[in-house]
Student: 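There's a structure below that I have some questions on.
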Amino acid sequence: QVQLVESGGGLVQAGGSLRLSCAASGRSFTTYAMGWFRQAPGKEREFVATISGTGRYTYYADSVKGRFTIFRDNAKNTVYLEMNNLKPEDTAAYYCAAGGVVGPTVRPADFGSWGQGTQVTVSS
């Protein structure tokens, strides 16, 4: 198991930007595919982006493609989510997850370790 701590959420106006960070503790960080998911009130947790252990492969939900970028710094055991041109519908709690699967159709069940979440609120 790896411990994950997210940071960087906040309140931003539509069209603005935020960068989320997820710091991982434990060894073998590069062996984990990492993902970002989000959950809005009353909705199921949904996939946002995922990245392979080396950072070579990335996948995004259609709703964020072209606006969000996932990347990782394995020397710092940290994965990031750069969010640009934010929209009110991006408002949600954002969760970082570590697992063994990377691809365009990953599910929350594919990831075994989760952070506590960080809130992102986009005002119109």
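Atom set for the values below is all heavy atoms of this structure, side chains included, hydrogens, waters and symmetry mates excluded.
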Student: Output the distance between atom CG (Asn77) and atom CD (Gln3), rounded to the nearest 0.5 Å.
Tutor: 12.5 Å
Student: Tell me, with the steps shown, if Arg72 and Thr54 meet side chain to side chain contact (heavy atoms under 4.5 Å, CB included).
Tutor: CA-CA 8 Å; Arg72 63 194 294 164; Thr54 62; over 6 Å; no
Student: When rounded to the nearest 0.5 angstrom, what is the spacing between OG in Ser124 and CD in Gln13?
Tutor: 9.5 Å
Student: Strictly by modelled atom types, are Tyr94 and Arg38 linked by a side-chain donor-acceptor pair under 3.5 Å?
Tutor: yes
Student: Linking I/L/V/M/F/W/Y whenever their side-chain heavy atoms sit closer than 4.5 Å, directly or via other members, would Tyr59 and Leu81 fall into one cluster?
Tutor: no
Student: Give, for atom CD of Glu82 and atom OG of Ser21, the distance between the pair rounded to the nearest 0.5 Å.
Tutor: 9.5 Å
Student: Using a 3.5 Å distance criterion without hydrogens, assess whether the side chain of Thr78 forms a donor-acceptor pair with backbone atoms of Lys76.
Tutor: yes
Student: Quick one: list whatever passes side chain to side chain contact (heavy atoms under 4.5 Å, CB included) with Lys65, sequence neighbours left out.
Tutor: Tyr60, Asp62
Student: Cluster question for you: counting only ILVMFWY and a side-chain heavy-atom cut-off of under 4.5 Å, with indirect links fine, are Tyr32 and Phe47 together?
Tutor: no
Student: Check for me, please, whether Val120 and Tyr95 land in the same ILVMFWY cluster - side-chain distances under 4.5 Å, paths through other members count.
Tutor: no
Student: Atom CG of Asp110 and atom OG1 of Thr50: how far apart are they, to the nearest 0.5 Å?
Tutor: 9.0 Å
Student: Would you mind reporting whether Val12 and Thr121 have side-chain heavy atoms less than 4.5 Å apart?
Tutor: no
Student: Do Leu4 and Trp114 come within less than 4.5 Å of each other through their side chains, counting heavy atoms only?
Tutor: no
Student: Compute whether any side-chain donor of one residue and acceptor of the other, for Thr30 and Asn74, lie under 3.5 angstrom apart.
Tutor: no
Student: Is the distance between the ring centroids of Phe37 and Phe111 under 6.0 Å?
Tutor: yes
Student: Could you measure the distance from the CD atom of Gln39 to the CD atom of Gln119? Nearest 0.5 Å is fine.
Tutor: 10.5 Å
Student: Mind checking whether Trp36 and Cys22 have side chains closer than 4.5 Å, heavy atoms only?
Tutor: yes
Student: side-chain hydrogen bond (donor to acceptor under 3.5 Å, both in side chains) between Asn84 and Ser17: does it pass, once the steps are laid out?
Tutor: CA-CA 4 Å; Asn84 297 314; Ser17 299; 2.8 Å; yes
Student: Would you kindly confirm whether Val2 and Val5 end up in one hydrophobic cluster when ILVMFWY residues are joined by side chain heavy atoms under 4.5 Å apart?
Tutor: no
Student: Is any side-chain heavy atom of Leu20 closer than 4.5 Å to one of Met83?
Tutor: yes
Student: I want to check something: taking the side chain as every heavy atom from C-beta on, are Val102 and Met34 in contact at a cut-off of under 4.5 Å?
Tutor: no
Student: Could you state the interatomic distance from OG (Ser123) to CG (Leu86), rounded to the nearest 0.5 Å?
Tutor: 10.0 Å
Student: Between Val79 and Cys96, is there a side-chain heavy-atom distance shorter than 4.5 Å?
Tutor: yes
Student: Mark yes when over 12 heavy atoms from residues, nucleotides or ligands other than Gln116 sit less than 6.0 Å from its CD; otherwise mark no.
Tutor: yes
Student: Indicate if Tyr80 and Leu18 have the same hydrophobic cluster label, given that clusters are the connected sets of ILVMFWY residues with side-chain heavy-atom separations under 4.5 angstrom.
Tutor: no
Student: Check whether more than 12 heavy atoms from other residues, nucleotides or ligands sit under 6.0 Å from atom CZ of Phe71, and answer yes or no.
Tutor: yes
